[in-house]
Amino acid sequence: MDSFGNDIKSRTFLELAGELEAMGEKFFRARQLYDWMHCKLARSFDEMTNLPKQLRERLDREYSYTSHTLVDRRISGQDGTEKYLFGLWDGNVVESVLMRYHFGNSVCISSQVGCRMGCSFCASTIGGLTRNLLPSEMLDQVYSIQRLTGERVTHVVVMGTGEPLDNYDGLVRFVRLLSDENGLHLSQRNITVSTCGLPDGIHRLAEEHFQITLALSLHAPSQEKRQKLMPVAKKYELEEVLDACRYYFDRTGRRLTFEYSLVSGVNDSMEDARALAALLEGFPCHINLIPVNPVRERKFVAPETKRVAAFKNKLEKYGKTCTIRREMGRDIGGACGQLRKGYMEKQQS
Ligand code: SAH
């Protein structure tokens, strides 16, 4: 058994084929089973009608099969963005978001229940980390949304609750299964993983031969400022994190994205923009500016639109490419992680 216990949907096709063979089953049964799980998006063994009942019963006895329940679904009247709250087998809930763009449907998924990184502006970390999600539980977020909408998911960003590199094995298996040609076969180029910057994890990821995009949550142009916003920065010097990012680029040839959440009066001055451009001088990258989403428990506010635009112009003057992240689904549940938080508070009261 590997580290994902008896969770059948986290198995690779080869693992599954080997295990079914050991049960005395023909090779094509593994194909059928994998197809039911990862193409037809079955929610239980019961749905797999072309598998003999006896085999289905045996699988049900020997494996666990994850499947989300829909706890809440909110559809934005403004831009068609949808926020989902899914219930897991153990009573925990995770949040996922569907965003519709001209280039396709993008789903933002969570990688953990809660988070232990402690970023000062983030709602997802307030209750700490409960547990890692299994690869299947990350897939289920994509699969459920595809089933519920009947629309193909073309892009996935691992930018919801959790630090993906703190669930390294789960993340890597998730990427493999999601891009597997026997499953949904999403292009790895359409998968983005966002990290707060764990150098060991970035180094390891660089060796996986993936074509995914790595996004680094930078949020400040200096070590001093960064560690005020992100406790994890106290553990890893900015230089060490950026060296890991350079290594990632060298190994994969994939241009990185740097995320920079703009907080009024904290990291949004023209001097910050200049320092940021200098820090990333010569680095093939894209900067994504995110006016901070207000979180009830925190005092941070976003700069005015004019100031955000000035920050972007300054970066562009120094030759950096950058975009301002368009806020989507404003009318349906506030900032990242707040739908889940609101739900948990209601449960407790
Ligand atoms: N743990 C990962 C992914 C989770 S969050 C990471 O740190 O990258 C995805 C992005 O949203 C990160 O850049 C995170 O710092 C940012 N973020 C979190 N809360 C935010 C908020 N209230 N406003 C703006 N950005 C936020």
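Counting convention: from 1, in listed order, for ligands and their atoms alike. Quick note: residue numbers are just sequence positions, from 1. Predicted, not measured: the structure shown is a model, and the values here were computed from it.
- At a 4.0 Å heavy-atom cut-off, ligand 1 does not touch Leu216 at all.
- For ligand 1, the atoms closer than 4.0 angstrom to any heavy atom of Gly162 are 1 (N), 2 (C), 3 (C), 4 (C).
- By the 3.5 Å distance cut-off applied to N or O atoms, Glu163 is counted among the residues near ligand 1.
- Side chain to side chain, Gln227 and Gln223 meet the donor-acceptor criterion of an N or O pair below 3.5 Å.
- Each of the following atoms of ligand 1 lies closer than 4.0 Å to a heavy atom of Asn293: 21 (C), 22 (N), 23 (N), 24 (C).
- Annotation: cation-pi geometry satisfied between Arg204 and Tyr168 (NZ/CZ under 6.0 angstrom from ring centroid, within 45° of ring axis).
- With His68 as the fixed residue, the ring-ring contact (aromatic ring centres under 6.0 Å, His included) test singles out one of Tyr143, Trp89, Phe86: Phe86.
- The closest heavy-atom contact to atom 4 (C) of ligand 1, among the options Gly160, Cys196, Ala302, comes from Gly160.
- Counting the atoms of ligand 1 from 1 in the order shown, those under 4.0 Å from a heavy atom of Glu259 are 10 (C), 13 (O).
- Within the 4.0 Å heavy-atom cutoff, Arg298 does not count among the residues contacting ligand 1.
- Between Lys83 and Asp72 there is no salt bridge, since no side-chain nitrogen of the basic residue lies less than 4.0 Å from a carboxylate oxygen of the acidic one.
- Summarising the contacts of atom 6 (C) of ligand 1 with Ser217, Gly197, Pro164, Cys115, the nearest heavy atom is found in Ser217.
- For Glu57, the CD atom sits in a packed shell: over 12 heavy atoms of surrounding residues, nucleotides or ligands are nearer than 6.0 Å.
- If you look at His203 and Tyr247, their ring centroids are closer than 6.0 Å.
- Using a 4.0 Å cut-off between heavy atoms, Val295 contacts ligand 1 through its side chain alone, with no backbone atom that close.
- By the criterion of a heavy-atom distance under 4.0 Å, the side chain of Ser261, and not its backbone, is placed next to ligand 1.
- If you check the side chains of Ser76 and Thr81, you find no donor sitting under 3.5 Å from an acceptor.
- A centroid separation of less than 6.0 Å is found between the aromatic rings of Phe103 and His155.
- With a 4.0 Å heavy-atom cut-off, ligand 1 is reached by no atom of Met117.
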